[in-house]
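Counting starts at 1 for both ligands and their atoms, in listed order.
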Amino acid sequence: MNILEARDVRHHYGDSEILKGITLSIETGETVAVIGPSGAGKSTILRLLDLLESPYSGSISVGGELVNKSNRLSLRRKMSFVHQKPLVFSTSVFDNIAQPLRWRGADKQIIGERVTEALHLVNLDGFESRQAKTLSGGETQRVALARALVTDPEVMFLDEPTANLDPNSTTMVETLVADIIHRRNLTVVMATHDLSQGQRLADRIGVIMKGRLLQIGKSADIFMAPVSREVAEFIGIGNILTGTVSDNEDGLFTAEIEGRKLQGSGTFENGTRVNLFIRPEDITIATMENPCSSARNRVEGSISHLSIIGPLVRLEIDSGFKLLAVVTRQSAEDLKLAIGQMVCASFKATAIHAVKA
Ligand SMILES: Nc1ncnc2c1ncn2[C@@H]1O[C@H](COP(=O)(O)OP(=O)(O)OP(=O)(O)O)[C@@H](O)[C@H]1O
């Protein structure tokens, strides 16, 4: 069942249209990450789904109920929001976490039990009497999480939950979030500009750019088959080539790029301009002395750039167009790769994902 549904949601601030018709359904128990560059509208869609603001047009439903003025407050109580820069009050950790329950008029004993339970969930047992303002960034984020969880929400929104944290605190908060999602069977909607965080935590990823939801799906779908050049560029696909389809046979198309022919799986009408996306890790490199692999696509060119990235070496090959490939450092040494050297880059037809340009 869909716990949240947005239909053709549009939103303005002043004269600027920030969201341009977002339609989105989120199932109960699902974790969805909204990714996109800064200013794309990620926080805005979260605030609208959390009913903190009303859309300029379009509709939002929660648990199948269309949101209106009279049910807004009761529906909001099913949800909680963790802000990008969590605000803590100048009181104890206990009081900070207890606040949403006090606003709801909960009795003292329940508040005590719930706060203890929430602190345990975020591994801050015993922190009740600490002054919230004296906590580290990671601890503050965990207090914000505990405050969001203390009301036992059905849906939790996380806006860039680790944006201001160091790598260790980021890992710790991510591990906690994953554990909480699992234990509480929560529905989570998070905004992040960190693609890999989306991959680590979410069941589905939605890519939002300039106020439009360009693609939503499992992370493998987004990463292996971006729907457009914009999405491919944002997720950093590595190789984006543009060519013209000149032939189709047995489910394979041939596209011509700078006088070279590449074959990919799929069918396009002859003459169609296509964008071809090829991941650098799907390309195999051989030196000219060795036989190039039997893969369908073989491109010869000279190495124009070499850079070491951790255990890998990234090569730029100039073959009339630029092709990026990666090999292990060991392979780069074994093949004695050097700038100016001619190599053969090969890749399968299935390594090309093509969309109309
Ligand atoms: N209250 C507001 N008044 C005016 N403009 C706003 C307001 N809130 C957001 N905006 C503008 O709306 C656009 C989208 O903002 P939003 O915060 O949703 O983007 P975002 O994708 O979350 O960005 P970031 O990753 O930088 O947080 C931005 O241009 C922002 O300046």
Side-chain angles (χ1 to χ4, degrees), residues 4-26 30-60 62 67 72 76 79-88 137-138 140-141 144-145 147-148 155-167 169-171 173-174 177 187-217 219 222-223 226-236:
L4 289 174
E5 208 165 332
R7 279 187 184 275
D8 198 21
V9 163
R10 290 170 188 272
H11 204 54
H12 293 247
Y13 289 119
D15 290 339
S16 313
E17 194 178 24
I18 304 299
L19 297 179
K20 298 171 182 158
I22 303 268
T23 296
L24 167 74
S25 298
I26 294 168
E30 208 184 7
T31 298
V32 173
V34 179
I35 63 169
S38 186
K42 304 183 294 294
S43 302
T44 307
I45 187 67
L46 258 60
R47 285 200 302 273
L48 295 184
L49 290 171
D50 185 43
L51 315 183
L52 281 165
E53 289 179 42
S54 300
Y56 173 80
S57 68
S59 65
I60 292 178
V62 179
V67 178
R72 168 175 298 273
R76 271 216 68 209
M79 311 192 240
S80 64
F81 200 106
V82 178
H83 292 270
Q84 194 166 348
K85 289 182 193 144
L87 189 72
V88 289
T140 305
Q141 193 59 293
L145 269 175
R147 193 166 55 202
V155 185
M156 184 164 70
F157 294 90
L158 302 172
D159 192 358
E160 299 275 3
T162 58
N164 304 306
L165 303 181
D166 63 43
S169 303
T170 296
T171 306
V173 168
E174 278 188 9
V177 168
T187 303
V188 173
V189 187
M190 60 187 292
T192 179
H193 61 267
D194 179 353
L195 311 178
S196 53
Q197 180 167 70
Q199 279 187 298
R200 286 193 292 274
L201 292 176
D203 301 308
R204 281 193 303 154
I205 291 180
V207 184
I208 186 166
M209 294 175 92
K210 296 183 187 151
R212 292 184 205 280
L213 183 66
L214 298 185
Q215 186 169 7
I216 183 159
S219 76
I222 309 273
F223 285 82
V227 291
S228 66
R229 187 182 186 101
E230 260 177 309
V231 175
E233 279 172 358
F234 177 69
I235 63 176

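Within the 4.0 Å heavy-atom cutoff, Pro37 counts among the residues contacting ligand 1. Residue contact check for ligand 1: Ala191 places no non-hydrogen atom closer than 4.0 Å to it. Close to ligand 1: Gly41, with a non-hydrogen atom less than 4.0 angstrom away.
Lys42 places no side-chain N or O within donor-acceptor distance of the main-chain N or O of Met190, the cut-off being under 3.5 Å. Between the side chain of Gln141 and the main chain of Pro86, no donor-acceptor pair closer than 3.5 Å is present. Using modelled atom types, one side-chain atom of Asp203 and one backbone atom of Thr31 make a donor-acceptor pair closer than 3.5 Å. A donor-acceptor pair is defined here as one N or O able to donate and one able to accept, closer than 3.5 Å; such a pair exists between the side chain of Arg76 and the backbone of Asp50. Checking side-chain atoms of Thr192 against main-chain N and O of Ile35 turns up no donor-acceptor pair under 3.5 Å. In terms of modelled atom types and a separation under 3.5 Å, the side chain of Arg72 and the main chain of Leu51 share a donor-acceptor contact.
Ligand 1 places these atoms under 4.0 Å from at least one heavy atom of Glu160: 25 (O). Each of the following atoms of ligand 1 lies closer than 4.0 Å to a heavy atom of Arg47: 8 (N). Using a 4.0 Å cut-off to heavy atoms of Gln84, the atoms of ligand 1 that qualify are 27 (O).
A 6.0 Å sphere centred on OH of Tyr56 holds no more than 12 heavy atoms belonging to other residues, nucleotides or ligands.
Here the shortest heavy-atom distance to atom 24 (P) of ligand 1, taken over Ala40, Ser38, Ala163, belongs to Ser38.
Nearest non-hydrogen protein atom to atom 17 (O) of ligand 1 is Ser43 CB, 3.5 Å. For atom 14 (C) of ligand 1, the closest heavy atom belonging to the protein is Gly39 O, 3.4 Å. In terms of protein heavy atoms, atom 8 (N) of ligand 1 is closest to Tyr13 CE1, 3.3 Å. Taking atom 25 (O) of ligand 1 as the reference point, the nearest protein heavy-atom neighbour is Lys42 NZ, 2.8 Å.
Counted by atom type alone, Thr162 and Gln197 present one or more donor-acceptor pairs between their side chains at under 3.5 Å.
Between Ile18 and ligand 1, no N or O atom pair is found at a separation short of 3.5 Å.
Under the 4.0 angstrom criterion, atom 30 (C) of ligand 1 counts as lacking any protein heavy-atom contact.
With a heavy-atom cut-off of 4.0 Å, Thr44 touches ligand 1 through backbone and side chain alike.
When the options Val32, Val207, Ile205, Val227 are evaluated for a side chain to side chain contact (heavy atoms under 4.5 Å, CB included) with Ile216, the one that passes is Val32.
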